[in-house]
Participant: 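Shown below is the structure under consideration.
Order of listing sets the numbers, starting from 1, for every ligand and every atom in it.
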Amino acid sequence: MDAPSRSDLPPTPQGASLSAAAKPVSRWSANMRQHGLLGLFIAVPLIAVLPLPDFWISQLSYIGLYALTCLGLVLLTGVGGLTSFGQAAFVGIGAYTTAWLTVNMGVSPWITLPIGLSITAVSAFVIGIITLRMSGHYLPLATIAWGLSLYYLMGNIDALGKYDGILGIRSLSLFGVDLGQGRGFFLLTWAFVLAAAIALLHLLDSRSGRAIRALRSGALMAESMGISTFRYKVTIFVIAALFACISGWLFAHFQRTVNPSAFGLKMGIEYLFMTVVGGVGHVWGALTGAALTKLLDDQLQVLLPRLIGTSGSYEVIVFGIALVLMLKYQPDGLWDFVERRLPRANRAVDWADAPALAERAKPARGELVLDVKEVRKQFGGLVAVNDISFQIRAGELVGLIGPNGAGKSTTFNLITGVLAPTRGSVLFRGEEMAGLASRDIARKGMARTFQHVKMIPDMTVLENVALGAHTRGRKGVFSAMAWLDTAEERGLFKEAQRQLDRIGMGPHLHELAGNLAMGQQRLLEIARALCADPALLLLDEPAAGLRHKEKQALAEVLRQLQREGVSILLVEHDMDLVMQVCDRLVVMEFGTLLMEGTPEQVQRSPEVRAAYLGTEH
Ligand code: ADP
Ligand code: MG
């Protein structure tokens with residue numbers, strides 16, 4: 001049985017046990033992740049002992065070096081949606097740091113690694129702070145710019161040997177064991193690749209990982225969950241740079257020489273190319289891409305001159321054509337093609353005994369929760385919201401209604417901090433909200449849903465809902481990568497499941513959110529908002545686009561929440577729904593407050609009829 005049986009929750013309808021046949025295994029059992037890791041754990045040592053020619057061992061080492069950088073790009077570009085052409089520069093920082101320190105200062109390579117990582121972290125942090133606020137095409141352009149700058153910097157510093165670089169770097173060894181070339185280096189490199197892959201898989205499947213995966217769905221949704229999107233962008237930028245730096249460190253000691261050509265823009269583009277071909281959204285895509293590109297490159301360099309009869313870099317042309325075809329016919333990369341065909345295992349439910357999350361102190365029934373005072377919003381000359389005032393008391397379900405263009409959404413955005421009011425004040429539990437960022441308002445206990453559903457389609461319903469509990473967790477990126485967040489994760493998932501069960505969505509726990517029907521997506525958003533343990537729930541047109549049956553189900557959920565004493569502001573266009581469920585209505589027209597009263601009073605009002613019902617019905 002999948003759900004922890006809780007006597008205070010309605011029993012989940014049939015189907016719950018269907019979705020729950022998974023055995024209790026470790027928490028990242030979903031998908032084929034563990035099989036991939038297991039495969040690598042077996043393959044890597046096996047390759048090292050098999051009598052393979054040295055050439056192949058060396059090729060596999062290069063694949064590992066590329067894969068490390070590509071893993072960073074999966075996190076940054078594939079998951080976080082931030083395109084970077086400049087990763088090669090961070091490989092360069094790792095390589096040059098160790099080259100210069102070991103050759104000129106005689107420092108041990110094992111000490112230069114942490115030094116290189118520190119320099120990379122600081123550089124990436126500074127570059128990130130400057131460039132990551134850019135959006136659209138500006139960010140990739142900025143990455144090209146600093147990729148080029150670092151390249152020319154490396155090529156023009158005397159101490160770094162200008163374009164000749166640094167020669168005579170010693171090879172790696174540890175306790176007398178040679179890790180410089182051959183199987184030793186292969187094992188060392190792939191140990192890093194494995195560690196990075198495991199860390200990344202854990203990260204993506206964590207509280208921080210869900211926040212990172214929310215970045216691509218736009219800042220609005222993530223910020224309304226109390227997430228600082230900028231902070232996460234900088235964080236993944238730094239992590240991706242650190243992976244690249246490790247690759248550079250290994251590279252320098254493998255080649256025994258460094259020069260700027262390996263770290264220029266061309267390589268930066270190639271790293272992105274490899275990752276996109278392999279599957280930029282998948283951890284295994286990085287490995288697939290690195291392997292395929294390296295192997296194909298070698299084969300083509302031998303094959304093409306024979307076919308064509310003259311030598312030259314013809315493989316570049318083939319790669320160019322391949323990339324175009326790839327982007328057209330398999331834009332999610334080769335690994336995506338494989339992953340779609342793999343069976344998807346449900347996440348094992350193992351949080352039944354996790355302690356419940358702490359809850360915030362809620363206002364007592366009847367206490368003033370929201371006090372909107374003469375709030376005004378002008379867009380240029382248009383007064384979208386004209387000095388509106390109304391209040392919500394704890395336990396009330398208040399509907400904000402009005403014809404299209406009346407200013408409902410704008411009012412909603414003023415309350416939730418998406419827009420700043422031109423003047424006026426919004427008091428939430430006695431505290432001024434006007435001027436605060438939406439994530440700060442969310443942290444104070446206001447949770448919302450969206451008129452146009454915003455969720456992460458390739459995450460399960462459960463994971464999407466757990467995102468709502470973001471502010472109730474503490475564990476960060478590094479705890480997740482080191483697997484130190486298991487206890488907290490179980491608590492968050494338990495809460496997510498509880499909220500889904502609460503509104504009858506229990507049977508859909510493990511479904512991909514993108515596969516849900518519209519009505520269920522709306523309920524998912526409500527469960528996600530409830531996961532934040534809100535003192536006030538704001539719903540923006542939850543009935544929009546729903547069919548009759550779905551509207552009935554929504555009304556039932558709203559009535560249930562009302563009985564449970566949840567304070568709700570319902571912004572809605574659908575008159576039937578608001579008349580059915582609301583305690584009180586606030587009616588807007590052309591930005592002004594037309595009237596306030598019970599559904600009966602509003603229905604009887606001739607003004608409202610004229611403004612709204614008259615024109616609509
Ligand atoms: P409702 O949600 O009640 O349909 P809105 O709050 O979306 O109404 O819009 C109220 C008025 O404000 C409309 O006339 C709309 O065109 C205008 N408006 C809304 N957002 C903006 C904006 N960002 N810039 C300019 N005008 C806007
Ligand atoms: Mg609207």
Participant: So which protein heavy atom does atom 9 (O) of ligand 1 come closest to, and at what separation?
Facilitator: T410 OG1, 3.8 Å

Participant: Is N404 close enough that one of its N/O/S atoms sits under 2.8 Å from the Mg ion (ligand 2)?
Facilitator: no

Participant: Check if G402 has a non-hydrogen atom at a distance under 4.0 Å from any atom of ligand 1.
Facilitator: no

Participant: Check ligand 1 against A406 and write out every atom of the ligand that is under 4.0 Å from a heavy-atom position of the residue.
Facilitator: 1 (P), 3 (O), 8 (O)

Participant: May I ask you to test the L419-F379 pair for a side-chain heavy-atom distance under 4.5 Å?
Facilitator: yes

Participant: Quick one: nearest non-hydrogen protein atom to atom 8 (O) of ligand 1, plus distance?
Facilitator: G407 N, 3.1 Å

Participant: Quick one: does D533's side chain have a donor or acceptor within less than 3.5 Å of a partner on R360's backbone?
Facilitator: yes

Participant: Please say whether T411 places an N or O atom under 3.5 Å from an N or O atom belonging to ligand 1.
Facilitator: no

Participant: Can you confirm whether something in the protein, heavy atoms only, sits under 4.0 Å from atom 12 (O) of ligand 1?
Facilitator: yes

Participant: Measure the distance from atom 4 (O) of ligand 1 to every protein heavy atom, then report the residue, atom name and distance (to 0.1 Å) of the closest one.
Facilitator: G405 N, 2.7 Å

Participant: Just wondering, are more than 12 heavy atoms of other shown residues or ligands nearer than 6.0 Å to OH in Y138?
Facilitator: no

Participant: Which part of L382 is near ligand 1, with near meaning a heavy atom under 4.0 Å away: side chain, backbone, both or neither?
Facilitator: side chain

Participant: Is it the case that the side chains of R502 and Q499 hold a donor-acceptor pair, with the cut-off being a distance below 3.5 Å and no angle test?
Facilitator: yes

Participant: Can you tell me if S425 and E432 form a side-chain donor-acceptor pair at under 3.5 Å?
Facilitator: yes

Participant: Provide the number and element of each atom of ligand 1 under 4.0 Å from a heavy atom of N404.
Facilitator: 4 (O)

Participant: Any N/O of A384 closer than 3.5 Å to an N/O of ligand 1?
Facilitator: no

Participant: Answer yes or no: are there more than 12 heavy-atom neighbours, outside K454 itself, under 6.0 Å from its atom NZ?
Facilitator: yes

Participant: Would R528 pass as a cation-pi partner of F450, given that its NZ or CZ must be under 6.0 Å from the six-membered ring centre and within 45 degrees of the axis?
Facilitator: no

Participant: For the side chain of E572 and the backbone of V578, is there at least one donor-acceptor N/O pair under 3.5 Å apart?
Facilitator: no

Participant: So which heavy atom in the protein is nearest atom 7 (O) of ligand 1, and how far is it from that ligand atom?
Facilitator: S409 CB, 3.7 Å

Participant: In the protein, what heavy atom is nearest to atom 19 (C) of ligand 1, and what distance, to one decimal place, separates them?
Facilitator: F379 CE1, 3.6 Å

Participant: Taking both backbone and side-chain atoms of K408, is any N or O found less than 3.5 Å from an N or O belonging to ligand 1?
Facilitator: yes

Participant: Begin from the C-alpha positions of Q552 and E556 and carry the test side chain to side chain donor-acceptor pair (under 3.5 Å) through to its verdict.
Facilitator: CA-CA 6 Å; Q552 296 295 302; E556 193 39 58; over 6 Å; no

